[in-house]
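Sequence lines set the chain letters: A, B, ... in the order given, protein chains first and strands last, and positions in each chain run from 1. Remember, it's a predicted structure, so these values are computed and weren't measured experimentally.
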Protein chains: 2
Amino acid sequence: MVSIKDIAKKAGVSISTVSYALNGSNKVTDETSSKILAIAKELNYVPNAAARTLKKRESKIVGVFLTDFSGDVYGDLLTGMKAVCNTQGYDLIVCSGRQSHRMLPERMIDGAIILDQTFASEELLQYADRGHKIVVLDRELDHMNINQVLLDNKAGATLAMEHLIEQGLTKIYVVTGPEGSFDSVQRMKAVRQVTEREPNVEWMVITGDFEKSSGEMAANQIIQEYTSPVGVFCLNDEMAIGLCNRLASSELQVGQDIHVIGFDNIELSSYVSPRLVTVDYSKRKWGSLAAEQLIKLMAGEPVEHERIYVKLVGGGSVRNQAEYTPVITVGDNSAAYY
Amino acid sequence: MVSIKDIAKKAGVSISTVSYALNGSNKVTDETSSKILAIAKELNYVPNAAARTLKKRESKIVGVFLTDFSGDVYGDLLTGMKAVCNTQGYDLIVCSGRQSHRMLPERMIDGAIILDQTFASEELLQYADRGHKIVVLDRELDHMNINQVLLDNKAGATLAMEHLIEQGLTKIYVVTGPEGSFDSVQRMKAVRQVTEREPNVEWMVITGDFEKSSGEMAANQIIQEYTSPVGVFCLNDEMAIGLCNRLASSELQVGQDIHVIGFDNIELSSYVSPRLVTVDYSKRKWGSLAAEQLIKLMAGEPVEHERIYVKLVGGGSVRNQAEYTPVITVGDNSAAYY
DNA sequence: TTGTATGCGTTATCAG
DNA sequence: CTGATAACGCATACAA
């Protein structure tokens, strides 16, 4: 490995001069500087990250932590983060799994963005106590060194429930996420608030886990209990799609007998038929905002918690009860109901 | 930041004793060792990654480089890599974009797995020359420090073309990937070989770019030129799905007028209707094999290039010409043709 | 068994 | 403008 020492030797100068030249300091003659640069290039010199990080006490790297790599939500999110990080001189690395948690306390990264169930909140608070800067996307955590950028889960779930109710549905199933999920808990809170205001809406909970398979399970139960048109609010799209998929091989029609609404607007949602009604938000913006907040936090600037707004997007998986009945005799005006 | 120096001071021993104790060396009394460990825990000591990396000249981190984060192929691939890396004491980080290339030469990572168009082959060869260990998944590169783990593109494309021909199709469109793509080039080679053996099959190329939108473009052209049933081999699933999507809003039926086959078997492929016929392979295995090869390479063990085998998976997007015509009068036996 | 001393490759503070 | 030199936090050969 070629180090500044090698360059110094070859150039006949001291290592500090080399360091200055390499870092573009104006404390060195243009002449010697260009000579040094030339030699550096000739020798294929590349600075050693570990040494620089050790000395400067910062790595200029931001880490994102994901529960797993398999989610469909992450693409745009990461793209947004990377864009912001890169323009601010930071590199972004993506990590997953308990093993990788050490990157933060060991100071391999300067800050972390968390969307990762495998991080306990106590663990995060501990790191924050030791001065590490963190942005959380999947929980509420109050600490000087922690900033939250959260989805407006409550608004989304409210929109979804109200939409089903407005279509005339009076019986609604809600398929939840896994127990520990912050998003699931938040969305359920909103569901309860809405239903409390609507006494003549009958609703029941089916426990899911945000995976497609639990949507299928839910479908089985709903098929068994079916008597008349019902609404189903799946707390994420994956489950909604699993549910629609199972329903496709049954007698019941989505958007006619079973009115399905999801959450997240993942890409797949626009490829199921009829198109899934779901709660949409900009994943890209979520990512870039998270990165911006983290960078401010690391720079010592004051930051306030942020919220990502959501809206309902249409499809044929939910139809109005009143309008629908006559339509069936005319033909199938699937999709593009909105 | 608490360092071994702080621990040494508090324990009344030298830093080397602390270092030994922390690293579980048996060169130190159980008594002092446990005392040191206790103090370390009390002080929330965490080793500094940069210092360790600098000293040991290895980071125990493997980097994967992706062209972008948005692909649907990556989930299982990364999961496979992570599993192997973690069991071997390595951490895995995912990087994307030119900025992050530096991680390799700057020795932030011990080795790299490449699935990234933004890496020029010359760049990789240069790094390999300087002793960096690399596994490439997206090109052929011969070097002592580079190992290839490639898809059997040729077999896959051959299977796909032969399948279309066997169904009685005599006119076949092939929608390619972008110009620089290794996979696209390899698949096209196989296409040419097959068609050379089949003189009475008429075939034509449509240039695509592996994105859904180019599948839609291809669909437009095919619709315009349509006279009788044709086969379409899209060199990846994304384009095939874009194509099917566009076709859905036309008069032409997939699996009847237009017989579509893709490549990759991404998750979406099983959600389009009719299910896409495509070339399948284990992304998980691809990832784990790549990681295994890299770890061997880093350990100085001899490794040979590896190949990931592929197979055709069924769906309703391609049907037999002879069998099909009578079936139409009976009803729609969509999907599950295989 | 423990301590001393050195160096990994940088940056940065001083003198000159 | 340039050169010694001292850290950064850790691992380890060698001494005691």
Respond yes when some side-chain nitrogen or oxygen of [X] is under 4.0 Å from OP1 or OP2 of [N], and no when none is.
X	N	answer
B:Thr29	C:dT2	yes
A:Thr17	D:dG3	yes
B:Lys27	C:dG3	no

From C-beta outward on [X], which listed nucleotide comes closest to its side chain: [options]?
X	options	result
B:Tyr45	D:dC14, D:dC10, D:dA4	D:dC10
A:Ser19	C:dT2, C:dT11, C:dG9	C:dT11
B:Val13	D:dT2, C:dG3, C:dT2	C:dG3
A:Thr32	D:dT2, C:dT2, D:dG9	D:dT2
A:Leu54	D:dC10, D:dC8, C:dT10	D:dC8
B:Ser16	C:dT4, D:dG9, C:dT10	C:dT4
A:Arg57	D:dA11, D:dG9, D:dG3	D:dG9

| Rounded to the nearest 0.5 Å, how far does CD of A:Glu301 lie from CD of A:Glu292? |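 Reported to 0.5 Å precision, the distance equals 11.0 Å.
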
Which is true for [X] with a 4.0 Å heavy-atom rule: it touches a base, it touches only sugar-phosphate, or it touches nothing?
X	answer
B:Val2	nothing
A:Ile15	base
A:Thr53	nothing

Note to self: Cation-pi check for A:Tyr281 against A:Lys283: NZ or CZ below 6.0 Å from the six-membered ring centre and within 45 degrees of the axis, yes or no?
What the structure shows: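 Yes, A:Lys283 and A:Tyr281 form such a contact.
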
Separation of [N] [atom2] from [X] [atom1] (nearest whole Å):
X	N	atom1	atom2	value
A:Lys56	D:dG9	NZ	P	16 Å
A:Arg52	C:dC8	CZ	P	18 Å
B:Asn48	C:dG9	CG	P	16 Å
A:Ile4	C:dA12	CD1	C1'	11 Å
B:Met1	D:dC8	CE	P	11 Å
A:Ile36	C:dT10	CD1	P	14 Å
B:Lys5	C:dG3	NZ	P	16 Å
B:Arg102	C:dT10	CZ	C1'	15 Å

Can you tell whether the side chains of B:Arg52 and B:Glu58 come within less than 4.0 Å, N to carboxylate O?
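Not counted as a salt bridge, because no side-chain N and carboxylate O are separated by less than 4.0 Å.
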
Report the relative orientation of the aromatic rings in B:His101 and B:Phe119; use parallel for angles under 30°, tilted for 30 to 60°, perpendicular for over 60°.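 Parallel.
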
Going by atom types only, do B:Asn236 and B:Asp264 share a side-chain donor-acceptor pair under 3.5 Å?
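No - no donor-acceptor pair under 3.5 Å links their side chains.
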
- Item | Polar side-chain contact A:Lys55-C:dA12 base: donor and acceptor under 3.5 Å |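 Checked by distance alone, the answer is no.
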
hbond_proxy A:Tyr20 side chain to D:dA4 base (donor-acceptor, 3.5 Å cutoff):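 Not at all, since no donor on one side and acceptor on the other fall under 3.5 Å apart.
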
Minimum heavy-atom distance between B:Tyr90 and A:Gln99, given as atom pair plus value: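 Heavy atoms only, the tightest pair is O-OE1, 4.4 Å.
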
Residue whose closest nucleotide on DNA chain C lies nearer the 5' end, B:Ala51 versus B:Gly12
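Per heavy-atom nearest nucleotide, the more 5' residue is B:Gly12.
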
